[in-house]
Amino acid sequence: MLPPILEIFVIWHPDDLRGAGFAEKIFDHFMKGATFSGVIGGGVQVSLRSTGWEGPRTVPRPVYAEGRAAPNGIRPASFVAVVPLLGTEMAACVEDVNAQWHAYACAIRDLKQESPDRVGVFPYALDAGATNGTNLIEILGNFQFVAAGNPERNGEGVESMLCRDLTQGIAQLVSSDEMDRLTAFISHTKRHSQGEGEDVDALVDLVREVIRNTRLNDFFDANDLQPGTDWDQELRDKSGTSAMLALRTDLYCSREWCQREVVIAKTNGMPVIMMDAIGVGEERGSFLMDHVPRIAVRKADGRWRRQDVYRALNLLVDECLKRALWMHQKDLALERPELDVAWWAPHAPEPLTLSSWIDDYLTQNDDDDIEDTIRILHPDPPLGPEEREVLMNYARTTRLGREIDIMTPRQLATRGG
């Protein structure tokens, strides 16, 4: 167990009845989904704050962060995200400058000001009246609201938009680059098979349109770069704040340029989300394109389904946050040298990424300093036994010439470290 990386505090007034429903959705997104269960235990925690700590009509327990440690001595998380759900009841209580709720709202604002690089505040307006000329909006109005647009107008549910905006904001906070939005790199073929017709163009247009309705930056392909730009280096430079959305249509796997984009993304640790939009079929797939999360994109009434694109974008943002959390856990592991991890792989290894890592590892280490067995740790879920055996056999045949031990945090905990 490593110290916690991220704690999310969701706060609402108990009489703002819609607050509990949204708090539950946020809790489920981060604590019950499969995405964030892959990091080491305690990497993400969600705490709900509504019920009065000292009895009815009082404010909830405080928000704990570095510099405001919990009274039980538990180490606060490295990063804190505060999500105030602003309703009319909270607004009414904050109007009285002598009320506890007024002080509570001011404490949230002050916490962010004290630790701008470690604390994020992401309000959501339950009711328009709560943010219309109130003291509440005066205190918290300078922060970036989540799900502040009109998702229904763009074919998306408000809960989907809320969780994506919140996850993106937290990912940017944890990545220590809060000023820059995450970038979605869209990888696609510029040609389509005879049976696809104009479907590829229509899908690319839809993806671009949907991204324009989110807070993501869109970074399309080499044609969008300025003349003279080093395309490979540009993609590598953006790998830390980007994720690739690959549109797998009939010809995608066969295109050298598309293969190259995926290889650069994978070997630089960039999350890759594969949108499965195969129409007629593929002559031959590519091992380079697999071993990544995949979202099925289908058509209804002759049009690509917009909700499928939103599902892909939501997963893309989740993967960006998971990667950021994983890399912070890698840094915290310096406090636990007994873990003895040579490679904190951001995704489960495969021959492509393992080969790239081995080359880098041998460049950076003298042969005499390399252990006989090298431990590789990656987020859950674990590889299957056949997958693991293939990688172990492969490693023995390379210049590494060592045994590798590939495991996940749960497997490591089962062994007792």
Side-chain angles (χ1 to χ4, degrees), residues 2-12 19-20 22-33 35-37 39-40 42-50 60-70 74-86 90 104-126 139-148 159-182 214-216 241 314 317-329 332:
L2 293 173
I5 301 295
L6 169 67
E7 185 159 11
I8 303 170
F9 293 90
V10 187
I11 301 166
W12 74 101
F22 282 99
E24 182 179 3
K25 292 298 181 183
I26 294 172
F27 182 90
D28 290 349
H29 179 77
F30 290 99
M31 300 301 294
K32 292 187 177 181
T35 299
F36 301 108
S37 64
V39 297
I40 295 177
V44 181
Q45 296 292 328
V46 178
S47 298
L48 306 182
R49 295 284 194 266
S50 180
R61 296 180 66 182
V63 172
Y64 301 120
E66 291 185 356
R68 297 188 182 186
I74 295 177
R75 181 174 174 176
S78 300
F79 296 91
V80 167
V82 186
V83 189
L85 304 177
L86 310 184
M90 182 187 292
Y104 199 89
C106 289
I108 293 172
R109 176 199 60 198
D110 296 344
L111 185 64
K112 170 65 176 176
Q113 292 175 346
E114 292 168 10
S115 304
D117 297 330
R118 293 285 176 172
V119 176
V121 179
F122 307 97
Y124 173 70
L126 293 170
I139 297 170
L140 300 178
N142 289 332
F143 301 115
Q144 182 73 59
F145 277 55
V146 293
E159 293 167 354
S160 168
M161 185 179 184
L162 170 62
C163 289
R164 185 183 62 254
D165 278 0
L166 177 58
T167 304
Q168 180 179 343
I170 295 173
Q172 290 164 183
L173 172 69
V174 174
S175 299
S176 302
D177 202 2
E178 193 176 5
M179 297 304 294
D180 292 331
R181 292 183 296 173
L182 295 177
T214 71
R215 290 179 176 167
L216 291 165
T241 55
N314 292 351
V317 173
D318 285 349
E319 289 292 319
C320 285
L321 176 55
K322 182 174 76 170
R323 175 191 57 190
L325 294 171
W326 184 255
M327 300 316 292
H328 276 286
Q329 289 189 320
L332 283 176

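Note that this is a predicted model, so its numbers are computed, not measured.
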Chemist: Run the side-chain contact (heavy atoms from CB on, under 4.5 Å) test on Leu111 and Val121 for me, step by step, so that the C-alpha distance in whole Å, both residues' side-chain angles and the decisive distance to 0.1 Å come before the verdict.
Modeler: CA-CA 9 Å; Leu111 185 64; Val121 179; over 6 Å; no
Chemist: Fit a plane to each ring of Phe22 and Tyr124, take the angle between them on a 0 to 90° scale, and name the class: parallel (under 30°), tilted (30 to 60°) or perpendicular (over 60°).
Modeler: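 Judged by the thresholds at 30° and 60°, the geometry between Phe22 and Tyr124 is tilted.
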Chemist: Take Val63 and Tyr104 through the side-chain contact (heavy atoms from CB on, under 4.5 Å) test and state the conclusion after the steps.
Modeler: CA-CA 9 Å; Val63 172; Tyr104 199 89; 4.3 Å; yes
Chemist: Has the side chain of Arg49 got a donor or acceptor atom that lies under 3.5 Å from a matching backbone atom of Pro62?
Modeler: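 Such a contact is found between Arg49 side chain and Pro62 backbone.
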Chemist: Nearest 0.5 Å please: distance from the SG atom of Cys320 over to the CG atom of Leu325.
Modeler: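 So the SG of Cys320 and the CG of Leu325 are separated by 11.0 Å.
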Chemist: Should Glu7 and Tyr64 count as side-chain neighbours, where that means a heavy-atom distance under 4.5 Å?
Modeler: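 Of all side-chain heavy-atom pairs linking Tyr64 with Glu7, none is under 4.5 Å.
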Chemist: What pairs with Asp28 under salt bridge (Lys or Arg N to Asp or Glu O under 4.0 Å), at least two apart in sequence or on another chain?
Modeler: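 Asp28 satisfies salt bridge (Lys or Arg N to Asp or Glu O under 4.0 Å) with Lys32 once adjacent residues are dropped.
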Chemist: Are any of the side-chain heavy atoms of Ile170 and Phe122 separated by less than 4.5 Å?
Modeler: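 The answer is yes, as the side chains (C-beta and beyond) meet within the 4.5 Å cut-off.
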Chemist: How many angstroms lie between atom OG1 of Thr167 and atom NZ of Lys322, to the nearest 0.5 angstrom?
Modeler: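 Going from the OG1 atom of Thr167 to the NZ atom of Lys322 covers 13.0 Å.
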Chemist: For a 4.5 angstrom cut-off between non-hydrogen side-chain atoms, does Leu48 reach Trp12?
Modeler: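 Sidechains of Trp12 and Leu48: in contact.
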Chemist: What's the spacing between Arg109 CZ and Asn142 CG if we round to 0.5 Å?
Modeler: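 One gets 9.5 Å once the value is rounded to the nearest 0.5 Å.
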Chemist: Nearest 0.5 angstrom please: Met161 CE to Arg215 CZ, how far?
Modeler: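 One finds 6.5 Å between CE of Met161 and CZ of Arg215.
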Chemist: What do the steps show when you test Asp318 against His29 for side-chain contact (heavy atoms from CB on, under 4.5 Å), and what is the final call?
Modeler: CA-CA 10 Å; Asp318 285 349; His29 179 77; 3.0 Å; yes
Chemist: Can you tell if the side chain of Cys163 reaches within under 4.5 Å of the side chain of Asn314, non-hydrogen atoms only?
Modeler: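 Not touching, per the 4.5 Å side-chain cut-off.
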Chemist: For residues Gln172 and Leu182, determine if any side-chain heavy atom of one lies less than 4.5 Å from a side-chain heavy atom of the other.
Modeler: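 Contact flag for Gln172/Leu182 side chains = yes.
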Chemist: Are any of the side-chain heavy atoms of Val10 and Phe27 separated by less than 4.5 Å?
Modeler: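 A side-chain contact under 4.5 Å is absent here.
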Chemist: Can you tell me how far the SG atom of Cys106 sits from the CD atom of Gln113, to the nearest 0.5 Å?
Modeler: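 Answer for the SG-CD pair, Cys106 versus Gln113, is 9.5 Å.
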Chemist: Count the heavy atoms belonging to other residues, nucleotides or ligands that lie under 6.0 Å from CG of Asp110, then report whether that count exceeds 12.
Modeler: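 For Asp110, atom CG is crowded (more than 12 foreign heavy atoms under 6.0 Å).
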Chemist: Can you check side-chain contact (heavy atoms from CB on, under 4.5 Å) on Ile108 and Ile11, steps first, answer last?
Modeler: CA-CA 10 Å; Ile108 293 172; Ile11 301 166; 3.8 Å; yes
Chemist: Does any non-hydrogen side-chain atom of Phe36 lie less than 4.5 Å from one of Leu321?
Modeler: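 In short, these two side chains touch, coming nearer than 4.5 Å.
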Chemist: If you define the side chain from C-beta out and look only at heavy atoms, does anything of Lys25 sit under 4.5 Å from Leu162?
Modeler: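 No; the side chains remain at least 4.5 Å from each other.
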